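Bear in mind the structure is a predicted one, so any value in this text is a computation, not a measurement. Read the numbers this way: they start at 1 and go in the same order the structure lists the ligands and their atoms. Values below: all heavy atoms of this structure, side chains included; hydrogens, waters and symmetry mates excluded.
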Amino acid sequence: MKRVIVVFFLFVSSLSFAQEYKMWYQNPAGKVWEKALPLGNGFIGGMVYGNTEEERIDLNETSFWSGGPYATSPTLNRDSLEKLRSLVFSEKYKEAENMANRVLFSHGSHGQMFLPIGSLILKFPGQKEATSYYRELDLSKAVASTRFSVGKQNYEREVFTPLQEKVLVMKLSSTEAMNVEVLYRTPLPEGRVVQVQGNELQIGGRNIAHEGSEGALRFHGIIHVKQSGGNSSRTDSSLIISNAKELVLYVSLATNYQSYQDVSGDEKALARTRLTSALKSPYAELKRKHIEKYQSLYNRVELTLGSDRREPTDIRLEKFREGNDPGFAALYFQFGRYLLISSSQPGGQPANLQGIWNASIRPPWDSKYTININTEMNYWPAERTNLSEMHKPLFEMVKDLTKTGAVTAKRLYGAGGWVAHHNTDLWRLTWPVDAAFYGLWPSGGAWLSQHIWEHYQYTGNLHFLKENQEVLFGAARFYVDILQKHPKYPYLVINPSTSPENAPEAHQRSSLSAGVTMDNQLAFDVFQNAIWASKILGVKTQFSDSLKQLLKQLPPMHIGKHGQLQEWLDDVDSPQDKHRHVSHLYGLFPSSQISPYRHPALFSAARTTLEHRGDVSTGWSMGWKVNWWARLKDGDHAYLLIENQLTPLGKNKDGGGTYPNLFDAHPPFQIDGNFGCTAGIAEMLVQSADGAVEVLPALPSRWAEGKVKGLKCLGGFEIEELVWEKGQLKRLVVKSHLGGNLRLRLPRAWTKGVEAKGENPNPFFFVPEMGEPVVSSEAQIHLPQIRSTYLYDLKTEKGRRYVIE
Ligand code: FUC
């Protein structure tokens, strides 16, 4: 009996219904970067280790990359292009790939690397034997703190990167006087302490040359120490503080990067300006303003998913698959939003493969922008989770790419418009890199251009659409110019191309192909968006008319002999293929071409494809799968993927997982998985697709109770409140920011609702006509069993809220 009572007590005490949005640990990160806690304000990134005797904060600056402005893109002569196309059309795929490698991939740079600045090191002699250790990252404030005791002395450190300033700030306090040495350590061959003067350590250096691109960037940093009490002295490379009661450290970093073409900035002056600005406010005010600005973004969305385990985050991660901790998914969701706020701020660079956090001078895949999935995935949470402003750095990059990509379009394809292939970087590279197998995919720009359209659809911002129209029209123009008549099928197709990074056995294991499904889906969206943009802006009518004609000649989707959605025009998919990229499901998510209500056969084929591919894979692939299962309206399967992803790395056979600091593991760390899963959780609760706002489309049984506020939908609708109990919709409040018809798809009848009829008249919800799929005579299609839903129309007025109970 006694034992039962003890067990019961433990269980009750570790579970709480008031959700806690803190990541916390009882041990320092030690030497493990993936245990350190990330901070950032879009300009400066910091990884805080929380070590007691030698504290370390790894630093990054958003524009500090290898190389310099690129001179030119390679050229491809017309004959070579035609030869490549004819090899692909005559099914000599391997030969085409070999040729492409010869003629296209011998040039220098395959993209530059995002570089580290180095580490701020604080040495505290004698602080080894710490007790009562605790460190946390408070996601509701964007502040990291560490507390511990040594003997009778208590220490406390607090670090944040103020969103209103471009620096990193750290406060150290203690019950008695502190001794500390402040140093800088860096893996950069040309990084060093430049000067130690007064209360400042000045650091600086150069970036590195890479693959033939000369290093053209310099950085400068100032570590400024404000000290209360005690003394200070200096060595050649460090500041030594003794007997201080309290310390505040400021780290300011800058480079000479101005734009992808211009490196004429003055990094020293800029680092000083940034520091001076931060020093104007006392610490408490700096912190207060930071929290205020941060919460104006973060607090827009609240998510509660039942109970929460009051245990350290690494332990919760270990135990997550045991169940009983639904709140952990809510923490992970808010961490995803936190990461986007921290790594992508207007004026800075977009979040790269590692966001804004990299400590290696040879980071995996250069920590650059892989635009055949990863960069787009980074931005899936932006509109949905009410962080629209965080999308801006991506738009700025895309604008640059229309310029560099116009040169590449001309030189490689003799085409107008603009193109980007599967990678880009700080210098806005657009040509194919790595090898033909990966790089010869001319649709990276087309995919990125969807983000412009998405932003418009969520915000209704006409001015933005006007400003960015060339992104859309240029992407369409490029496709118009490169479409080719397929000799075997009656369609216009893109050749040469690939279905990103996958290759069927029947095609000599070459990825090169013509008319791959993903390209067809992208071309469909690109043309359709250009047609709509032309109508909305009243421009380019003739061009738009020609797109309408071309649209009909694109290949429709094909359902193959295994009942699968075909990845290629030939029916060559293998049900055993477990490849992490499932590019042809772009049509299911992020695009909305495949709907259970309009195209049940395609919907069923998409499901079959996903079943073939299996669940566990690389981190980002699992993140994508959460979104797909949500779109397939299967909440329990989506939840299974969340469980797979939120598994400590090493425990999923042949797959990724999650590190103790909740960074996603491809492995190695790639931030896309964090963002993908964050968007997926939103998609499980609310979807705007297929002409309506669908509420609770994929609620898993594990989330029987919960509430969410602040998710955004197309047409400027905001879910101000969504509450469910025992798996049933209880209360829904929608705010209309733009007015217009709100078509709601609800999981239960709403007696006061007006039944929806015909197409949704709200233009933000227009669903394009798609061609019927071509179905293999061998295919067995099992039409999907999905639960009944109820469709209602509500005429809304701008600024008003509507309650459904
Ligand atoms: C793509 C993926 C890899 C990795 C890399 C950064 O090439 O196929 O899995 O995510 O990007």
Q.
Using a 6.0 Å cut-off, check whether atom NZ of Lys92 has over 12 heavy atoms from anything other than its own residue.
A. no
Q.
Counting only heavy atoms and a distance below 4.0 Å, can you name the residues contacting ligand 1?
A. Leu353, Trp365, Thr370, Asn374, Glu501, Arg580, His581, Trp620, His666, Gln670
Q.
Between Asp573 and Gln566, is the side chain to side chain donor-acceptor pair (under 3.5 Å) condition met? List the steps.
A. CA-CA 7 Å; Asp573 304 79; Gln566 283 180 214; 5.2 Å; no
Q: Mind running side-chain contact (heavy atoms from CB on, under 4.5 Å) on Ile356 and Phe114 for me, showing each step along the way?
A: CA-CA 9 Å; Ile356 190 172; Phe114 179 50; 4.2 Å; yes
Q. Would you call Asp425-Lys368 a salt bridge at under 4.0 Å N-O?
A. no
Q: Under the side-chain contact (heavy atoms from CB on, under 4.5 Å) rule, what do Thr385 and Phe333 come out as? Steps first, then yes or no, please.
A: CA-CA 10 Å; Thr385 78; Phe333 169 86; 3.9 Å; yes
Q: Begin with the C-alpha distance, continue with both residues' side-chain angles, and end with the deciding distance and a verdict on side chain to side chain donor-acceptor pair (under 3.5 Å) for Gln593 and Asp525.
A: CA-CA 9 Å; Gln593 294 173 13; Asp525 280 351; 2.8 Å; yes
